[in-house]
Amino acid sequence: LAVGDVVVASELRCLGAPPHPVETERMRRAVEMQGIRARVGCLLSVDHVVRGLEREALFAEGAAAVDMESAWLAEATEGRSLGVVRVVLDAPSAELHPLSILQNGWRALASLRRLAPAFEVWASLASHRTGGTPSSRAPY
């Protein structure tokens with residue numbers, strides 16, 4: 001993965017806890033409808049910034065990407081549909097440090113802005129499945 005790449009979670013995990021279910025295919029379709037290519041894979045949430053050898057070990061264990069929020073935020077969904085998309089801010093070739101955060105942050109933000117309409121598409125797809133409206137059945 002490189003800075004600005006998009007990852008759609010196929011599974012949402014946190015070390016030592018069972019995985020949270022996610023809506024992978026609907027979210028992947030919504031992202032692709034925006035003309036954005038996304039990698040689909042396991043998203044692992046941890047409580048610290050991951051670097052170097054630890055990053056390599058987590059990826060070797062099957063994590064496509066690592067974040068510090070998603071698994072804990074998923075607990076608040078209370079059984080509603082959950083789609084998780086992450087934009088890469090740091091990668092093995094672009095470790096997170098004060099100088100890189102500006103350049104990498106702008107690149108990641110540009111991807112995120114292009115991605116925003118996908119959430120409305122996904123909400124619409126999810127509401128058609130449940131028979132509600134996006135505002136009454138908001139899955140996020």
[atom1]-[atom2] distance between [X] and [Y], expressed to the nearest 0.5 angstrom:
| X | Y | atom1 | atom2 | result |
| --- | --- | --- | --- | --- |
| Met68 | Leu73 | CE | CG | 12.0 Å |
| Leu1 | Phe59 | CG | CZ | 6.5 Å |
| Leu43 | Ser70 | CG | OG | 5.0 Å |

What pair of heavy atoms forms the shortest contact from [X] to [Y], and how long is it?
| X | Y | value |
| --- | --- | --- |
| Ala64 | Val7 | CB-CG1, 4.5 Å |
| Leu44 | Ala63 | CB-CB, 4.1 Å |
| Val8 | Ala38 | CG2-CB, 3.8 Å |

**OP:** Check the pair Glu56, Arg51 against salt bridge (Lys or Arg N to Asp or Glu O under 4.0 Å), reporting the backbone distance first and the verdict last.
**Re:** CA-CA 8 Å; Glu56 291 177 26; Arg51 291 186 169 93; over 6 Å; no
Just wondering, do [Y] and [X] contact through their side chains at under 4.5 Å, heavy atoms?
| X | Y | result |
| --- | --- | --- |
| Arg86 | Glu69 | yes |
| Glu54 | His48 | yes |
| Leu115 | Val31 | yes |
| Val66 | Arg55 | no |
| Trp122 | Val85 | no |

Original post:
Under the salt bridge (charged side-chain N to carboxylate O under 4.0 Å, His left out) test, which residues partner Glu75, sequence neighbours left out?
Top reply: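 In terms of salt bridge (charged side-chain N to carboxylate O under 4.0 Å, His left out), with neighbours along the sequence ignored, Glu75 is linked to no residue.
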Subject >> Residues that Ser10 engages under side chain to side chain contact (heavy atoms under 4.5 Å, CB included), provided they are two or more places apart >> reply: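 Side chain to side chain contact (heavy atoms under 4.5 Å, CB included) check on Ser10 returns Thr24, Val40.
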Subject >> Exam field: side chain His20 to backbone Ala71, donor-acceptor pair closer than 3.5 Å >> reply: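 Yes.
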Original post:
Donor-acceptor pair, Arg80 side chain versus Thr77 backbone, under 3.5 Å?
Top reply: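 A pair under 3.5 Å: yes.
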**OP:** Any side-chain hydrogen bond (donor to acceptor under 3.5 Å, both in side chains) involving residues 34-45? Give me the pairs, sequence neighbours left out, ordered by first then second residue.
**Re:**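 The answer is Ser45-Asp67.
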Original post:
Do NZ/NE/NH1/NH2 and the carboxylate oxygens of Glu25 and Arg29 come within less than 4.0 Å?
Top reply: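 Here Glu25 does not pair with Arg29 in a salt bridge, since their nearest N and O are not under 4.0 Å apart.
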